[in-house]
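Have a look at the structure below, then the notes.
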Amino acid sequence: MTYANETRRRRTFAIISHPDAGKTTLTEKLLLFSGAIQIAGSVKARKASRHATSDWMEIEKQRGISVASSVMQMLYRDHVINLLDTPGHKDFSEDTYRVLTAVDSALMVIDAANGVEAQTRRLIEVCRQRDTPIITFVNKMDREVRDPLDILDEVERELGMPCVPMTWPVGQGKSFGGIVNLRTKAMTVFDSGSERLPQDFETIPLTEQAQLAERFGLEWQTAMDSMELATGASPAFDEAAFLAGKQTPVFFGSGVNNFGVMEVLDALVDLAPAPRPRTSNLLVNKQPVVKEIQPEDSAFSGVVFKVQANMDANHRDRIAFVRMASGKYTPGMKLKVQRTAKELRPTSVVTFLSQRREAVDEAYAGDIIGFTTHGGVQLGDTITDGANLQFTGLPFFAPELFMTVILKNPLRTKQLQTGLDQLGEEGAIQVFKPEIGGPMLLGAVGQLQFEVVQHRLKAEYDCDVRLEGCQYTGARWITADTPAELREFTNAYPQRMSLDAAGTLAYLCTSPYDVRLAQERFPKIHFHPLREHAGLALGSAG
């Protein structure tokens, strides 16, 4: 049996950008235009009762930022679109990196005034490592912004791939007249207002040159000249090059004014790829055999790329977000967690519109489904309906900041342990348990992670904690060629050994020289700044 007809209808992509480029706003507008929601929330209106659909966590509503990625599914032009909104803030980049392993393409949002910013560069790097196709949306054209040719030039330099303009702006800021759609050969006239729908905008075919020149004057002429330069210098759109991550189609618009968004939504259906094959390690006689899993295969398989505790405060539940890689999901299926070989019995399986959930009747490769569990599932777990295979590639980065957790009320020790176990499994923070005992350590990539975890421990687990600085400045996961070598090393540095949430051994550092000195003393120990799921340490040493 093949599910090719269903998988071809799927589009699964992530929205990535630097904070404040307008990513969450654009997410809202895509949902609005597909009919998934009736009214778009403003992310900035922190005090307002209406918050962005994709920002559900209490702390997000208070701060007006996205700190956790969220998943939304919508139906548009008979296609099932799975949209993953990622945190823009660099302190939550780990969550974003993991989300990028679960998508087939990315929509990069760029602020037209600021161009390519620091966080966007990091995310571009991850996309390039995976050859993820990128669609680019240049936002905020209704503001005073940079010249579109300059922006294209910068995007090309940063991405290391040519840009192919699909729409082109006429004017900017107060004199922003609209966009020329190079695919439909027509100009859509700009009109400000956040309540407008695509059909409300006036469209003029490019054959009406005289009318356009008269109406938009110098802005029209300037736009035509720069568009000619841009299209002359750019290659024609090449589907194979785009899918290989070798060129990016570029769209211009203003998300807050619902302008230029429809063109992006159409591009996701017309240009973005359907689910692609995924590589797995099939264990045969305990030896890994690499196998390519096709999305239309009949056997169910998927990978847990995110675990979120307490999405529903009333039920204290935990949801494992699974990106389906093949097969079909139907309620009541018998599923197995490959790492533990245990049967997975979810209490409910849902699809998402941020915090709104609906029970799943059926799902196919490319879809994101949520299993409600009470433990036993970790980030990176492969779930199948029986076949022995293991998907790899879910990264954990060595933290650079550490804090010691001090519980204000010692009677809450059990709740603290539960909270740290769950938040560690979720990947919200890295939790390290020193081998010689003592307080638990939290490791983070960014300072804001500590604040969020402290807030969540109090709100969700009723644990008031104080976070104190400690001497550690880094960690490396360690492996050795033989158990004897590993034992010799751990005996030499007992106070530096700790176990992370997945039970993987890590060496804690107090200075950048620690690893080098330990490496010189024990040349057969491997130090890893990156580990993959299930204790598989990867990455270069040092």
Side-chain angles (χ1 to χ4, degrees), residues 90-91 93-95 97-98 122 125-126 129 281 288 339 378-380 390 392-406 417 420-421 423-447 449-450 453 467-542:
K90 68 178 179 8
D91 288 11
S93 51
E94 273 197 296
D95 197 19
Y97 290 140
R98 288 194 279 264
R122 283 196 192 85
E125 199 49 51
V126 178
Q129 283 165 8
N281 288 330
R339 176 178 50 87
Q378 290 182 0
L379 282 168
Q390 175 71 51
T392 58
L394 202 73
F396 290 80
F397 299 91
E400 295 154 17
L401 302 168
F402 284 85
M403 295 285 236
T404 306
V405 184
I406 308 295
Q417 191 60 55
L420 290 179
D421 283 351
L423 294 174
E425 276 182 17
E426 187 185 303
I429 196 111
Q430 292 192 46
V431 181
F432 292 88
K433 186 178 182 183
E435 289 265 67
I436 56 168
M440 301 286 269
L441 296 169
L442 298 184
V445 177
Q447 183 63 36
Q449 277 180 281
F450 291 126
V453 163
L467 297 180
E468 292 185 350
C470 62
Q471 76 266 41
Y472 299 116
T473 56
R476 290 290 183 267
W477 288 284
I478 55 171
T479 54
D481 297 335
T482 67
E485 287 164 357
L486 189 61
R487 209 164 32 248
E488 189 187 351
F489 179 76
T490 56
N491 288 340
Y493 295 102
Q495 75 286 1
R496 295 289 182 89
M497 293 298 124
S498 65
L499 292 172
D500 70 5
T504 312
L505 197 60
Y507 169 78
L508 300 171
C509 323
T510 54
S511 86
Y513 309 108
D514 282 359
V515 174
R516 203 184 322 158
L517 293 170
Q519 182 82 79
E520 284 170 10
R521 197 173 154 197
F522 293 92
K524 290 183 177 174
I525 296 293
H526 310 292
F527 296 84
H528 307 275
L530 182 76
R531 82 160 170 85
E532 282 203 5
H533 166 65
L536 302 171
L538 291 179
S540 57

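The structure displayed is predicted, hence computed values, not measured ones.
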Quick one: does F450's side chain get under 4.5 Å of L442's, heavy atoms only? yes

Are L420 and K433 close enough that some pair of their side-chain heavy atoms sits under 4.5 Å apart? no

Going by heavy atoms in the side chains, are L505 and L499 under 4.5 Å from each other? yes

Non-hydrogen side-chain atoms of I478 and M497 separated by less than 4.5 Å: yes

Which atom of G443 lies closest to which atom of P399, heavy atoms considered: C-CB, 3.5 Å

Within a strict 4.5 Å, meaning less than it, do heavy atoms of the L423 and V431 side chains meet? no

For the residue pair G469 and T404, what are the closest heavy atoms and their distance? O-OG1, 4.2 Å

Once side chain to side chain contact (heavy atoms under 4.5 Å, CB included) is applied, do any residues pair with E488, and if so which ones, sequence neighbours excluded? F522

Taking all heavy atoms of P434 and all of S498, pick out the closest pair and write down the distance. CA-CB, 3.9 Å

Contact between P494 and E435 at the side-chain level, heavy atoms closer than 4.5 Å - yes or no? no

In Å, rounded to the nearest 0.5 Å, how long is the span from CZ of R516 to SG of C509? 12.0 Å

Check whether Q430 reaches the backbone of F397 with its side chain - one donor and one acceptor, N or O, closer than 3.5 Å. yes

I need the single residue from F527, Y472, F432, W477 that forms a ring pair (Phe, Tyr, Trp, His ring centres under 6.0 Å) with Y507. Which is it? F527

side-chain hydrogen bond (donor to acceptor under 3.5 Å, both in side chains) filter on T510, not counting sequence neighbours, yields R496, D514

Check for a donor-acceptor pair, side chain of Q495 on one end and backbone N or O of I436 on the other, with a separation under 3.5 Å. no

How long is the straight-line distance from CE of M403 back to CD of E468, given to the nearest 0.5 Å? 9.0 Å

Minimum heavy-atom separation for R476 to A398, with atom names? NH1-CB, 3.7 Å

Indicate yes or no: at least one non-hydrogen side-chain atom of H528 is less than 4.5 angstrom from one of T479. yes

Which pair of non-hydrogen atoms, one from A480 and one from H526, has the smallest distance, and what is that distance? CA-CD2, 4.2 Å

Just how far is it from atom CG of L441 to atom CD1 of I429, taken to the nearest 0.5 Å? 11.0 Å

For a side-chain contact (heavy atoms from CB on, under 4.5 Å) check, start with the C-alpha distance between L508 and F402, then their side-chain angles and the critical distance, and finish with the verdict. CA-CA 10 Å; L508 300 171; F402 284 85; 4.0 Å; yes

Looking at F489, does the NZ or CZ of R521 lie under 6.0 angstrom from its six-membered ring centre and within 45 degrees of the ring axis? no

Exam field: side chain T490 to backbone L486, donor-acceptor pair closer than 3.5 Å: yes

So do L517 and V515 actually touch side chain to side chain, heavy atoms under 4.5 Å? no

